[in-house]
> 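Here's a structure for you.
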Amino acid sequence: MNKTLLAELFGQMADLMEILGEDRFRVISYRTASRVVAESTADLEALAKAGQLQTLPGIGKSTEAKILEYIQTGQIARHQELLAKVPPGLAGLLRLQHLGPKTALKLWKELDIRSLDDLREVLANHPERIEDLPGMGAKKVALLKESAEFTTSASGRHRIDEALEIAAMLESAVKACKGVDELALAGSARRWRETVGDIDILVSAGQKSAARIMEAFRSCQAVTKVLAGGQTKCSVIVNGKVQADLRVVGKESFGAALQYFTGSKDHNVALRGIAIKHGWKLNEYGLFEEKEGKQGRRIAGADEEGIYRKLGLAWVPPELRENRGEIEAAAAGKLPRLLEEADIQGDLHMHTTATDGAGSITDMIESCRAMGYKYLAITDHSRSQPQTGGLSPKALLEHAAAVRAAAKDYPDMLVLAGTECDILKDGTLDYPDDVLAKLDFVLAAPHAALNAKGPAATERLLRAIANPHVHAIAHPTGRLINERAGMEVDIQRICQAAAEGGVALEVNAHPLRLDLRDVHVQAAVKAGAKLVICTDAHTPGPAGDLALMRYGVATARRGWATPDDVINAWPAGKLRAFLQQRRPR
DNA sequence: GCCGTTTTCGGCCCGACTGTTTTCAGTCG
């Protein structure tokens with residue numbers, strides 16, 4: 001069964017139902033089902049067999065029946081019914097900005113527009129037909145033209161590192177403005193999601209300064225277009241591709257606005273539900289008492305902590321705000337002490353000039369020392385990666401000797417001679433066991449045949465985990481964000497095997513990889529598997545690739561990882577003991 | 001369609017901005 005396809009199916013059903021004007025809460029249910037299926041790390045078929053699907057939040061009787069139907073027949077009758085009522089391409093119109101379900105319905109019924117291509121054709125040749133529809137006009141047509149173009153050229157989500165770079169530029173421009181009291185990054189960037197749809201910046205300032213701050217924001221050099229600009233809110237496009245929003249609120253509302261605009265939406269909806277139970281109302285201006293349906297006294301709002309406290313919750317780190325159990329944990333005082341960047345004691349995945357790295361062995365040791373690390377591992381590529389200059393067994397052993405020789409000059413550092421050894425297609429390793437046995441640290445990693453799905457991909461990793469010389473699996477799925485989906489594996493089996501075998505799973509910190517991803521980390525933590533967070537550095541210097549550690553730490557935090565779960569947050573002695581228990585006796 | 005320390009029925013988050021309007025509907029986050 002394909003989870004991604006099932007999730008898309010539920011999403012498309014929601015779109016079609018929305019166009020048909022069906023009950024909006026029912027539509028929300030289908031969107032929830034889509035998200036839960038997409039994010040689930042559980043084996044849905046096993047859950048289905050056990051009659052346990054309804055234990056998933058947001059999955060009830062009706063959705064369970066539809067999942068069962070999908071497993072058995074590969075389709076859902078209700079989906080087919082919807083497709084019979086609405087042209088399937090119509091849902092594609094909803095991807096456009098300024099075009100929602102009502103407009104899509106109107107375009108179809110009045111002008112027989114059935115797809116994005118149809119819409120483009122009419123916009124190009126007969127725009128007056130759209131302009132003359134009730135509720136439409138010249139400006140609306142111009143907006144649609146623009147978003148039809150934008151959707152092909154520059155839509156979608158942007159990598160977190162790219163988003164943070166743009167955010168920093170915007171922040172410094174706004175910060176320089178007089179009258180800015182507080183400034184913070186909000187949205188999914190503050191939550192450190194792996195991709196960001198748009199950048200949200202929040203400022204507190206007096207009313208008199210708001211207009212000037214807006215102006216500073218929209219006149220930033222990199223701003224290529226202003227989408228909207230009101231009294232308190234301004235939306236722009238930066239570098240022709242990334243949307244950024246600025247909101248200005250009063251000081252008394254800054255915490256409420258920060259909470260509100262940080263999201264996620266699901267987290268906020270749950271918080272609002274708690275407020276309602278108390279007879280209060282929560283919005284971006286504060287937490288308010290309500291009297292006879294009217295907004296009463298503000299009881300919190302200046303800072304986030306106050307809002308969570310009033311609602312009976314511990315303050316929730318932004319990385320956890322996805323409504324994946326953090327609210328229950330915050331209510332019970334059981335939020336984990338999340339891993340922090342300062343906990344990291346070393347980096348165990350990096351390359352040198354021996355293969356495709358840019359620094360020498362000593363460059364990398366010096367760089368790690370400058371990072372304040374206590375240990376590192378040099379892990380160059382194996383022979384099946386000829387494009388990287390992968391090492392033959394003989395070259396590998398010579399390289400290991402060179403690493404150990406260099407390490408003698410650094411008695412304060414633990415330097416491990418290692419490898420990033422290919423996991424071949426059948427799950428065997430690129431070096432024989434007797435070669436691997438001579439190393440201090442063996443990272444095994446899949447590099448080729450990365451579009452494998454199902455049991456074969458899972459078995460491949462399980463076989464690598466079973467090798468007694470392997471200490472950790474690097475970038476286990478091989479996905480590249482926005483470029484390659486990677487292997488679809490049964491993550492729960494992988495985590496189980498890793499936990500039992502004492503093999504760590506890497507959270508590759510490169511913002512192109514972030515592999516394991518957040519929900520996989522959460523599955524690993526739950527299974528008791530240990531993690532190792534590494535940068536896969538190919539350049540030396542504390543400002544080079546080694547500095548990417550923060551993305552890995554953030555991803556681990558999003559998966560609820562504590563320092564105890566992460567072997568390179570441990571002291572050197574404990575790490576050594578962990579690695580040595582793998583040695584076959 | 002889901003869900004339940006007020007509920008198995010009756011709720012389900014809330015406000016800003018825009019365009020086409022003349023008090024509001026649609027879209028967005």
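Lettering of chains follows the sequences in order, A, B, ..., and the numbering in each one begins at 1.
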> Measure the acute angle between the ring planes of A:Y551 and A:W192, then classify it against the limits of 30° and 60° as parallel, tilted or perpendicular.
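Ring orientation, 0 to 90° scale: perpendicular.
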> To the nearest Å, how far apart are A:D132 CG and B:dT20 P?
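Distance check: A:D132 CG to B:dT20 P gives 12 Å.
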> Identify, with sequence neighbours excluded, every residue that meets side chain to side chain donor-acceptor pair (under 3.5 Å) alongside A:S209.
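Here no residue qualifies.
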> With a 4.0 Å limit, can you tell me whether A:K281 has a side-chain N or O closer than that to the phosphate oxygens OP1/OP2 of B:dG15?
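For B:dG15, OP1 or OP2 has a side-chain N or O of A:K281 closer than 4.0 Å.
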> Without decimals, in angstroms, what is the distance between A:D23 CG and B:dC12 P?
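The answer, rounded to whole Å, is 12 Å.
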> Give the rounded distance in Å between these two atoms: CE of A:M13 and P of B:dG1.
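It is 8 Å, rounded to the nearest whole Å.
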> If I take atom CZ in residue A:R298 and atom P in nucleotide B:dC14, what distance separates them, rounded to the nearest angstrom?
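It is 16 Å, rounded to the nearest whole Å.
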> In whole Å, what separates the P atom of B:dG26 from that of B:dT20?
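Result for the P pair: 14 Å, nearest Å.
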> Might you confirm whether atom CD of A:E340 has over 12 heavy atoms from other residues, nucleotides or ligands at distances under 6.0 Å?
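More than 12 heavy atoms, drawn from other residues, nucleotides or ligands, come within 6.0 Å of this atom.
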> Output the single nucleotide from B:dC13, B:dC17, B:dG29 whose closest atom is nearest the side chain of A:I276.
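In terms of side-chain proximity for A:I276, the closest of B:dC13, B:dC17, B:dG29 is B:dC13.
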> I want to verify a distance call: between B:dG15, B:dG29, B:dG1, whose nearest atom is closest to the A:D198 side chain?
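Shortest atom-to-atom distance from the side chain points to B:dG29.
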> Would you measure the distance from the P atom in B:dC9 across to the matching atom in B:dT21 and give it in whole Å?
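45 Å, rounded to whole Å.
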> If we take the C1' atom in both B:dG11 and B:dA16, what is their distance in whole Å?
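Result for the C1' pair: 26 Å, nearest Å.
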> Taking ring-ring contact (aromatic ring centres under 6.0 Å, His included) as the definition, give me every residue that meets it alongside A:H278, ordered by chain and number, with sequence neighbours left out.
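A:W280.
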> Could you list all the salt bridge (Lys or Arg N to Asp or Glu O under 4.0 Å) pairs where at least one residue sits in residues 130-140 of chain A, not counting sequence neighbours?
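Matches after skipping sequence neighbours: none remain.
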> Can you see if the side chain of A:T232 gets near the phosphate of B:dC17 - specifically, an N or O under 4.0 Å from OP1 or OP2?
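Affirmative; the distance criterion is met.
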> Just how far, in rounded Å, is P of B:dG29 from CG of A:L94?
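In whole Å, B:dG29 P lies 13 Å from A:L94 CG.
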> Grab the CZ-P distance between A:R31 and B:dC2 for me, whole Å please.
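A:R31 atom CZ is separated from B:dC2 atom P by 16 Å.
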> Using a 4.0 Å cut-off on protein heavy atoms (strictly under), produce a 5'-to-3' string for nucleotides 21-27 of chain B with B for base contact, S for backbone-only sugar-phosphate contact, and - for none.
S----SS
> When you measure from the side-chain N and O atoms of A:R26 to the phosphate of B:dG1, is any distance below 4.0 Å, counting only OP1 and OP2?
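Looking at the OP1 and OP2 atoms of B:dG1, one of them is under 4.0 Å from a side-chain N or O of A:R26.
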> Can you tell me how far P in B:dC12 sits from the matching atom in B:dC17, rounded to whole Å?
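Straight-line distance between the two P atoms is 25 Å.
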> Among residues 256-271 of chain A, which ones have heavy-atom contacts with DNA chain B below 4.0 Å?
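Result for residues 256-271 of chain A: A:Y260, A:K265, A:V269, sorted by number.
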> As an exercise, state the distance from CG of A:D266 to CZ of A:R321, rounded to the nearest 0.5 Å.
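Spacing of CG (A:D266) from CZ (A:R321) equals 14.0 Å.
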> Could you tell me how far B:dT8 sits from B:dC3 if I compare only their P atoms? Round to whole Å.
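Straight-line distance between the two P atoms is 16 Å.
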> Taking CD1 from A:I28 and P from B:dG29, how many angstroms apart are they, rounded to a whole number?
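Going from CD1 in A:I28 over to P in B:dG29 covers 16 Å.
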> Among all residues two or more places apart in sequence or in another chain, which pass the ring-ring contact (aromatic ring centres under 6.0 Å, His included) test with A:Y260?
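In terms of ring-ring contact (aromatic ring centres under 6.0 Å, His included), with neighbours along the sequence ignored, A:Y260 is linked to no residue.
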> Using the P atom on both, measure B:dG1 against B:dT5 and round to a whole Å.
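Going atom to atom, P in each nucleotide, I get 23 Å.
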> Take atom CD of A:E18 and atom P of B:dG1, then tell me their distance rounded to the nearest Å.
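Checked: the CD to P distance equals 15 Å.
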> Using a cut-off of less than 4.0 Å, is there contact between a side-chain N or O of A:T32 and OP1 or OP2 of B:dG1?
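Checking B:dG1 against A:T32, no side-chain N or O comes under 4.0 Å of OP1 or OP2.
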